[in-house]
There are 2 protein chains.
Amino acid sequence: MKKIEENKNLIDELPCGVKTTMSVIGGKWKIRIIYALYLNINRFGVMHRHINNISKKMLTDSLRELEADGIIHRKVYAEVPPRVEYSLTELGKSLNKIINELNDWGLKNRHELIDQDNIKE
Amino acid sequence: MKKIEENKNLIDELPCGVKTTMSVIGGKWKIRIIYALYLNINRFGVMHRHINNISKKMLTDSLRELEADGIIHRKVYAEVPPRVEYSLTELGKSLNKIINELNDWGLKNRHELIDQDNIKE
DNA sequence: AGAAATAGTAACTTTTTAGTGACTAGATTA
DNA sequence: TAATCTAGTCACTAAAAAGTTACTATTTCT
């Protein structure tokens with residue numbers, strides 16, 4: 001049994017990696033976007049059509065943040081009408097394991113969750 | 001290479017487990033609380049003192065939600081002043097792996113993140 | 001000539017999440 | 001008698017995240 005006092009601030013220290021990760025994959029759409037890229041859905045318009053209910057603004061905002069975090073790469077082709085292709089970087093691909101585990105835990109324990117109302121659409 | 005059309009709605013289907021998990025561990029304080037319980041910090045007041053900057057309201061709200069989701073257990077002792085002890089359920093303990101992975105990814109890739117400003121306090 | 005297509009942006013509103021400060025009960029201690 | 005302790009609640013405000021609508025440029029197609 002650990003002495004509690006020794007853990008002072010540890011609560012703030014350990015999950016600091018969690019905070020970093022959450023700031024990268026958190027938000028309503030980022031994981032969906034990453035998953036779309038994993039499925040080779042890599043153009044803005046196609047993503048917009050495939051990810052249900054996402055607005056262009058949220059798609060743009062999320063793509064920009066993922067790019068700023070080095071999770072995705074954005075390649076612009078000088079054509080008209082414009083063509084832009086997104087892809088996962090190696091760092092982005094490294095999120096795959098985590099995303100799968102989040103998904104697995106959720107699927108496995110879905111029925112255990114007492115208050116189903118807590119799960120938002 | 002997968003045919004994109006086959007993946008229609010898959011983007012909404014696969015991460016549905018993710019959504020469940022996120023609704024359980026998401027939010028600003030839940031992982032800190034789970035980690036506190038993991039460290040045997042199990043009383044309201046002690047948690048409040050150990051988790052930096054959390055307000056009583058957020059602590060109460062988060063504890064109630066974790067309880068409703070079956071992640072923690074709340075035991076009230078009929079004493080004065082009141083005593084309440086929280087603990088992780090088996091379901092709660094099963095989150096440990098995921099939390100560690102989130103933490104590890106964050107610690108490992110912290111330096112890779114191009115836009116450090118994206119990481120919020 | 002007019003419509004379509006792509007990949008967005010700008011300004012604004014709404015919704016959701018988090019934070020603040022005062023307050024409570026009932027026994028115990030100074 | 002008054003302060004202290006615990007585990008909260010209540011009403012309210014502030015901040016963050018998400019959503020809405022209208023709009024853009026340039027070339028090709030009809």
Side-chain angles (χ1 to χ4, degrees), chain A residues 4 12 15 18-19 22-33 36-37 41-69 72-87 115 117-121, chain B residues 4 12 15 18-19 22-33 36-37 41-69 72-87 115 117-121:
Chain A
I4 288 173
D12 299 308
V18 174
K19 197 161 60 181
M22 286 304 217
S23 81
V24 172
I25 62 170
K28 191 167 175 180
W29 303 105
K30 290 196 182 162
I31 288 181
R32 318 270 280 271
I33 292 169
L37 291 172
I41 295 171
N42 53 7
R43 291 190 59 183
F44 185 89
V46 186
M47 295 177 100
H48 185 236
R49 266 174 262 123
H50 278 78
I51 301 176
N52 231 330
N53 297 320
I54 195 170
S55 66
K56 285 180 169 189
K57 176 182 179 278
M58 288 313 294
L59 182 53
T60 308
D61 290 359
S62 304
L63 287 168
R64 293 286 178 279
E65 285 180 29
L66 289 168
E67 193 190 1
D69 283 333
I72 65 175
H73 179 245
R74 179 172 180 269
K75 181 164 190 188
V76 183
Y77 294 83
E79 300 175 2
V80 169
R83 181 155 68 103
V84 178
E85 281 182 6
Y86 293 92
S87 56
D115 181 2
D117 299 339
N118 274 3
I119 299 145
K120 294 148 212 154
E121 272 313 304
Chain B
I4 287 174
D12 299 309
V18 173
K19 197 161 59 180
M22 286 306 216
S23 80
V24 172
I25 63 169
K28 192 167 176 181
W29 302 105
K30 288 196 182 162
I31 288 181
R32 317 271 278 274
I33 291 169
L37 290 172
I41 295 172
N42 53 5
R43 292 190 57 183
F44 185 90
V46 184
M47 295 176 100
H48 186 237
R49 265 173 263 123
H50 278 79
I51 302 175
N52 231 330
N53 296 322
I54 196 172
S55 66
K56 285 180 170 189
K57 175 179 179 286
M58 289 313 295
L59 183 52
T60 308
D61 291 359
S62 305
L63 286 169
R64 293 286 179 279
E65 286 180 29
L66 289 169
E67 194 191 358
D69 283 332
I72 64 175
H73 179 249
R74 179 172 180 268
K75 183 166 189 188
V76 183
Y77 294 84
E79 299 176 3
V80 168
R83 181 155 69 102
V84 177
E85 282 184 7
Y86 293 92
S87 56
D115 182 0
D117 298 338
N118 273 4
I119 300 146
K120 295 148 211 154
E121 272 314 302

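Chain identifiers are assigned alphabetically (A, B, ...) following the order of the sequence lines, protein sequences preceding nucleic acid strands; residue numbering begins at 1 within each chain. Only heavy atoms go into these numbers, but all of them, side chains included; no hydrogens, no water, no symmetry mates.
Residue contacts shown for B:Tyr77 are absent, as no nucleic acid heavy atom lies under 4.0 Å away.
Rounded to an integer number of Å, the gap from CD1 of A:Ile33 to P of C:dA7 is 14 Å. B:Ile54 has its CD1 atom 12 Å from the P atom of C:dT20, to the nearest Å. The CD atom of A:Glu65 sits 8 Å away from the P atom of D:dA17 (whole-angstrom rounding). Distance B:Phe44 CZ to D:dA7 C1': 6 Å, rounded to the nearest Å. Taking atom CD of residue B:Glu79 and atom C1' of nucleotide D:dG8, one finds them 16 Å apart after rounding to whole Å. Regarding B:Arg83, its CZ atom lies at a distance of 17 Å from the P atom of C:dA27, rounded to whole Å. One interatomic measurement links the two molecules: CZ of B:Arg49 to C1' of D:dA7, which rounds to 11 Å at whole-angstrom precision. The interatomic distance linking B:Glu67 (CD) with D:dA7 (P) rounds to 15 Å, in whole Å.
Checking D:dT26, D:dT20, C:dA18 against the side-chain heavy atoms of A:Lys57 singles out D:dT20 as nearest. The B:Arg74 side chain lies nearest to D:dA7 when the options are C:dG8, D:dT26, D:dA7. Across C:dG8, C:dG19, D:dA18, the shortest atom-to-atom separation from the side chain of B:Trp29 is found for C:dG19. Distance from the side chain of B:Arg64 is smallest for D:dG8 among the nucleotides C:dT6, D:dG8, C:dG8. Closest approach to the A:Lys56 side chain among C:dA7, D:dA7, C:dT20 is made by C:dA7 (side chain taken as heavy atoms from C-beta onward).
Taking CZ of A:Arg64 as the start and CG of A:Asp69 as the end, the distance is 13.5 Å to the nearest 0.5 Å.
Side-chain atoms of B:His48 never come within 3.5 Å of backbone atoms of B:Ser55 as a donor-acceptor pair (strictly under, hydrogens ignored). The backbone N or O of A:Val46 lies less than 3.5 Å from a partner atom in the side chain of A:His50, making a donor-acceptor pair.
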Problem - Worked verdict on A:Leu37 versus A:Met47 for side chain to side chain contact (heavy atoms under 4.5 Å, CB included) - result: CA-CA 8 Å; A:Leu37 291 172; A:Met47 295 177 100; 3.9 Å; yes
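Of the two residues near DNA chain C, A:Pro81 and A:Thr60, the one whose nearest nucleotide lies more 5' is A:Pro81.
In this structure, the side chains of B:Tyr86 and B:Lys75 stay at 4.5 Å or more apart for every pair of heavy atoms.
Remark: B:Lys28 is not in phosphate contact with D:dA16, judged by side-chain N or O atoms under 4.0 Å from OP1 or OP2.
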